[in-house]
Amino acid sequence: MRLRFLAAAAGLLVSVSISGCVNDEKREDMNMQEAADRADGILDAVLKTIEPEIQWAHGPTTTGSCDVTRRRAVMTIVSAERRGSFLGVVDRFWRKSGYRIKAINNDLDVPAIFAQTRDGFGVTLSIGGKGQAFFEVDSPCVKESEVAESTTPPNGPAYENVYPLPRPNVHSDFWSAGAI
């Protein structure tokens, strides 16, 4: 009986592994640079919808064997009192854009929203230490290529060759309301 259970469990594990590989096939219609450009467009679009405007800086771009991740850090102080509004603006925009919300972390200190675009890009908004907001876009597996840094200029200091980025340091009458 135990042997049958182990065999069934092993078969299930193999099936899940194979189906995972099928779903993660490499996209042949896009290379890593094109994926990075698409990620920049996703980030540009969401940041433009946030009113009043927030200041942001580029986070590090990272690449894997067939994927790329672009990041942006919000340099505007988003107070604890305004975090729910901030997350709500982003959530509504992503839903309106047809993104599938995969998960929401409702933690009071470090909330996050995880979504996926129709073309398979993973999109995240997370609140980290000192309430700093971070946006991240992960591409699906695409054709390997070189990836240049983003050509989208930040709307504040570039912080070139600075890592980690400083904590949020830009005051907004709206987003920073109630912050110490």
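Side chain of Gln33 to backbone of Glu144: no donor-acceptor contact under 3.5 angstrom is found. Here the side chain of Lys26 pairs no donor or acceptor atom with the backbone of Lys143 at under 3.5 angstrom. Checking side-chain atoms of Ser176 against main-chain N and O of Asp173 turns up no donor-acceptor pair under 3.5 Å. In this structure a side-chain-to-backbone donor-acceptor pair under 3.5 Å is missing from Thr69 to Thr61. Using modelled atom types, one side-chain atom of Trp175 and one backbone atom of Pro52 make a donor-acceptor pair closer than 3.5 Å.
Closest of all the heavy-atom pairs between Val78 and Arg83 is O-NE, 3.6 Å. When all heavy atoms of Val89 and Thr49 are compared, the closest pair comes out as CG1-O, 4.1 Å. Nearest heavy-atom pair across Ala35 and Phe121 is O-CE2, 3.5 Å. Shown here for Pro140 and Gly120, the closest heavy-atom pair between the two residues is CD-O, 3.7 Å.
In this structure, Arg100 and Lys102 have side chains that are in contact, with non-hydrogen atoms separated by less than 4.5 Å. Under the 4.5 Å side-chain criterion, counting only non-hydrogen atoms from C-beta, Gln55 is in contact with Pro157. Considering only heavy atoms from C-beta on, Ser126 stays 4.5 Å or farther from Glu136 through its side chain. Phe135 places none of its side-chain heavy atoms less than 4.5 Å from the side chain of Thr124. Contact check for Ile50 versus Val90: side-chain heavy atoms found under the 4.5 Å cut-off. At least one side-chain heavy atom of Met75 sits under 4.5 Å from a side-chain heavy atom of Gln132. With a 4.5 Å cut-off on side-chain heavy atoms, Ile42 and Val123 count as touching. Asn105 has its side chain out of reach of Pro111: every pair of non-hydrogen atoms, C-beta onward, lies at least 4.5 Å apart.
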Apply side-chain contact (heavy atoms from CB on, under 4.5 Å) to residues Thr63 and Val68 and explain how you reach the verdict. CA-CA 4 Å; Thr63 58; Val68 61; 3.9 Å; yes
Checking side-chain contact (heavy atoms from CB on, under 4.5 Å) for the pair Thr62/Arg71: CA distance, chi angles, key distance, verdict? CA-CA 9 Å; Thr62 55; Arg71 296 174 182 87; 3.1 Å; yes
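The only option from Asp138, Asp119, Asp29 that meets the salt bridge (charged side-chain N to carboxylate O under 4.0 Å, His left out) definition with Arg38 turns out to be Asp119.
There is a path of hydrophobic side-chain contacts, each under 4.5 Å, that joins Ile54 to Phe93. One hydrophobic cluster, built from ILVMFWY side chains closer than 4.5 Å, holds both Met30 and Leu43.
For Arg92, there are no salt bridge (charged side-chain N to carboxylate O under 4.0 Å, His left out) partners, not counting sequence neighbours. Every residue two or more places apart in sequence or in another chain was checked for a salt bridge (charged side-chain N to carboxylate O under 4.0 Å, His left out) with Glu34, and none qualifies. In this view, Ala133 and Val74, Phe86, Leu125, Ile127 satisfy the side chain to side chain contact (heavy atoms under 4.5 Å, CB included) rule, not counting sequence neighbours. Under the side chain to side chain contact (heavy atoms under 4.5 Å, CB included) criterion, Asp91 pairs with Arg95, Ile101, Ile104, Ile113, sequence neighbours left out. Residues satisfying the salt bridge (charged side-chain N to carboxylate O under 4.0 Å, His left out) test with Asp40, not counting sequence neighbours, are Arg70, Arg72.
Crowding of Glu160 atom CD: a count of heavy atoms from other residues, nucleotides or ligands under 6.0 Å not exceeding 12.
Applying the ring pair (Phe, Tyr, Trp, His ring centres under 6.0 Å) definition to pairs two or more places apart or across chains, those involving residues 34-58 are Trp56-His58.
Interatomic distance, Asp37 CG to Thr151 OG1, rounded to the nearest 0.5 Å: 6.5 Å. To the nearest 0.5 Å, atom SG of residue Cys141 and atom CD of residue Glu28 are 8.5 Å apart. Once rounded to the nearest 0.5 Å, the distance linking CZ of Arg167 with CD1 of Ile77 reads 12.0 Å.
Checked by atom type, the side-chain pair Asp67/Ser139 shows no donor-acceptor distance below 3.5 Å.
In this structure, Arg82 forms a cation-pi arrangement with Phe174, its terminal cationic atom sitting closer than 6.0 Å to the ring centre and no more than 45° off the ring axis.
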